[in-house]
Amino acid sequence: MPLPELDDVSRRQALEKAAEARKVRAELKQQLKAGEIDFGEVLDRADTDDIVGKTKVSAVLESLPRVGKVRARRLMERLDISPSRRLRGLGANQRDKLLREFEAGQH
């Protein structure tokens with residue numbers, strides 16, 4: 001199915017919306033990296049904030065202190081979470097397992 005053609009106004013609005021989403025995600029990841037917020041707070045925000053909810057789990061995990069791409073990937077494999085999974089798409093068990101993982105200080 002081809003993408004619909006957008007007029008100039010619609011295209012500009014879509015670009016502005018995408019730029020805002022990137023800005024919000026970048027701020028979220030920076031706050032995580034700096035330790036200003038924790039993983040549990042991000043999961044709480046994912047329920048109410050559409051931009052946060054559509055953020056990939058792997059991107060959030062990689063932003064945590066002492067968790068890089070490799071550790072995030074291994075953790076997701078161990079917990080049986082798809083690499084393309086988004087925060088809002090996590091099941092209750094997956095959320096609980098991730099929260100336990102980071103509550104225990106096993107970064």
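Residue numbers start at 1 and run along the sequence shown. FYI, side chains are in, hydrogens and waters are out, and symmetry mates aren't considered; it's all heavy atoms of this structure.
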Task: Validation row: Val60, Val52 side chains within 4.5 angstrom (heavy atoms) - done: no
Does [X] reach the main-chain N or O of [Y] with its side chain, forming a donor-acceptor pair under 3.5 Å?
| X | Y | result |
| --- | --- | --- |
| Arg71 | Glu62 | no |
| Arg88 | Ala46 | yes |
| Glu41 | Asp38 | yes |

Rounded to the nearest 0.5 Å, how far does [atom2] of [Y] lie from [atom1] of [X]?
| X | Y | atom1 | atom2 | value |
| --- | --- | --- | --- | --- |
| Met76 | Ser84 | CE | OG | 8.0 Å |
| Leu64 | Phe39 | CG | CZ | 6.5 Å |
| Ile37 | Lys29 | CD1 | NZ | 12.0 Å |
| Lys23 | Arg25 | NZ | CZ | 13.5 Å |
| Glu101 | Arg78 | CD | CZ | 4.0 Å |

TODO: Let me see the working for Asn93 and Leu79 under side chain to side chain contact (heavy atoms under 4.5 Å, CB included), right down to the final yes or no.
DONE: CA-CA 9 Å; Asn93 288 336; Leu79 299 180; over 6 Å; no
Task: Pair Glu77 + Arg73, salt bridge at N-O below 4.0 Å - done: yes
Open item on the list: Checking Leu75 against Ile81 for the side chain to side chain contact (heavy atoms under 4.5 Å, CB included) test, could you report, in this order, the C-alpha distance in whole Å, the side-chain angles of both residues, the deciding distance, and whether it holds?
Closed with: CA-CA 8 Å; Leu75 175 62; Ile81 299 172; over 6 Å; no
Open item on the list: Does Asp47, at its CG atom, have more than 12 non-hydrogen atoms belonging to other residues, nucleotides or ligands within less than 6.0 Å?
Closed with: yes
Open item on the list: Take a 6.0 Å sphere around CG of Asp80 and say whether it holds more than 12 heavy atoms from other residues, nucleotides or ligands.
Closed with: no
- [ ] Find out if a path of hydrophobic residues (ILVMFWY) with successive side-chain heavy-atom gaps under 4.5 Å connects Leu15 to Ile51.
- [x] no
Open item on the list: I need the minimum non-hydrogen distance between Ser58 and Ala72, along with the two atoms involved.
Closed with: O-CB, 4.5 Å
- [ ] Let me see the working for Leu28 and Asp49 under side chain to side chain contact (heavy atoms under 4.5 Å, CB included), right down to the final yes or no.
- [x] CA-CA 12 Å; Leu28 176 79; Asp49 186 327; over 6 Å; no
- [ ] Please report the C-alpha distance between Leu90 and Leu43 in whole Å, then the side-chain angles of each, then the deciding distance to 0.1 Å, and finally whether the side chain to side chain contact (heavy atoms under 4.5 Å, CB included) criterion is met.
- [x] CA-CA 9 Å; Leu90 286 171; Leu43 287 179; 3.9 Å; yes
Task: Test side-chain hydrogen bond (donor to acceptor under 3.5 Å, both in side chains) applied to Arg11 - qualifying residues, sequence neighbours left out - done: none
